[in-house]
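Below is one structure, written out as structure tokens, with a few remarks after it.
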Amino acid sequence: MSTKGIADFTDLTCTNLMIKLKILLKKQVDSEPLEFYATREQVDNTCSQFTHQQYEVNWDQSGENQYLVSMKR
Amino acid sequence: MTSRSFFFLCGEVPPERAHWIRDAASPLSGQATTGPDPPFTLYLTGEALVSLADSRSEEYWHSIMYETGMRVIVDSDELRLHGLLGTIKEKYPGILTPGDVNAGEELTFWHSLVAYLKGENKACDRAAFLLCEGPYMSRTSVYMLRFLKIIVELGGQPELYAYLDGVHAAHLDQHPSEFENIGEGVSVLATVTGEDEGEGWFGACSRCATARGYFVKDQDTGACRPSSCIPAVTIRPLKEILERFAGSHPILAQCSGGTFPSRPGQETFPPGLNILITYSPYVSEWTFGGLSLAVAAAMGGLKTRVLFIEQGVYALCGDHTVLPEDRVFNVQEMVEATMDIPLLHYAVYSPSLEERGLELTGTFSGMERVDAEGIGQFLFSEQGEDTLHLSRIIFF
């Protein structure tokens, strides 16, 4: 977890991040976004894939190769 | 021409495993063969050999050898090591023991295995070993070297995929006082096959290597670099290792198998992958490692089936409660969350549940149940038909 309480998933492999996100999104209340930190590679390879599954995915660079990602159904 | 199926087992074969292997092979008994190989062959070495002497499994081995018609080929060097060669030959007349010097056999178990994998068309220009266990505590890495050395001897290209504890085989400066030096063996193979020139393929999973300290983040650049790792092995994402699985070359593991199509070389689809989850979750990395590999394989375009069997059925029973401080994936959540991946299919072996008096937890009540009559079809679904599909089996 980062100091703001936002999960830091930058160390996860793309496969494990995908599994983690699918688990968390199942538990997420639809109206609330899921926020976490990811790397550029993770954003491109994993997070952006969720746009095909009816999720709204946004990201903002927050550091060197670190992005704050927000996902919401 | 019919397809050919096999198991290659180095690890323990408890009575339960011998039992379901017998059941898997039973539908093949009496099947006509047109080539030199029977429909089903079993290669045994290492810990698997001990099972042959175990009276608890005797009934199944007799049935496997004399009722199903499965051909059983054992490593006579390892049987000699265990002091079991004479006992096993006497107990199971007709068992094949290549490399038995007393019987004047010149070619080893490994030559026999490679000849089988080459098949009638002699196509086996490369072969790989998925190494999941570290050296010295386990002899699996010794078997890996023996297998890959024969591949080189016969003019093929060896490939190594180090996964889970298998990445320890790439540790720099190994210096065992008594045992065969595995790091040195891998380096020699890589040199012989031109890994440095990009011809060979010796890879270690980056997630597993990072966890074990072989892939370290540079604080200045943020990028990861190899550390304490022999140059022969390249650390790569699992995704890249699994891209190798799209090829039709044989890939062995400590316990593995597969089906060769009836017309090799004319495969129309990437090989299928059957992952058997055989350990209970959490106490080791086997279950997480197997599931993670299965998900990545399916995401990468390989038709992947996961069968929970033996102790692996504990993954699907009870209500797993994982707290943040446990620092593990909840395996049940992992399975549930990935059930919608198109190329990934989950199933459970119902006799393993019944023997343990277990019931599937509600979430998984709809999961496909494979019974003793159906396991052969599940693992070798097109066995005996004119199949063009290659499939692999890897035990985790």
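So that the names make sense, note that chain A is the first sequence line, chain B the second, and so on, each numbered from 1.
Contact annotation for N65(A): neither backbone nor side-chain heavy atoms come within less than 4.5 Å of a heavy atom of chain B. For a residue to count as touching a neighbouring chain, one of its non-hydrogen atoms must lie under 4.5 Å from one of that chain's; by this rule Q49(A) does not touch chain B. Contacts between K20(A) and chain B at a heavy-atom distance below 4.5 Å involve backbone atoms as well as side-chain atoms. Only the side chain of I341(B) comes within contact range of chain A, judged by heavy atoms closer than 4.5 Å.
Dense packing is recorded around CG of D218(B), with more than 12 heavy atoms of other residues, nucleotides or ligands lying under 6.0 Å away. Around the CD atom of E56(A), the shell of radius 6.0 Å holds no more than 12 heavy atoms that belong to other residues, nucleotides or ligands. Enclosure of atom CD in Q53(A) by more than 12 non-hydrogen atoms of other residues, nucleotides or ligands within 6.0 angstrom is indicated. The local environment of CD in E368(B) is crowded, with over 12 non-hydrogen atoms from other residues, nucleotides or ligands closer than 6.0 Å.
Using a 4.5 Å cut-off between non-hydrogen atoms, the part of residues 285-298 of chain B that approaches chain A consists of F288(B), S292(B), V295(B), A296(B). Contacts with chain A (heavy atom to heavy atom, under 4.5 Å) involve these residues of residues 301-334 of chain B, listed by number: F329(B), E333(B), M334(B).
No side-chain heavy atom of T13(A) sits less than 4.5 Å from a side-chain heavy atom of K239(B).
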Q) Can you check side chain to side chain contact (heavy atoms under 4.5 Å, CB included) on R207(B) and L12(A), steps first, answer last? A) CA-CA 8 Å; R207(B) 177 187 71 79; L12(A) 292 182; over 6 Å; no
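Here K22(A) contributes atom NZ and D340(B) contributes atom CG; the two are 3.5 Å apart, rounded to the nearest 0.5 Å. Rounded to the nearest 0.5 Å, atoms NZ (K26(A)) and CD (E336(B)) are 5.0 Å apart.
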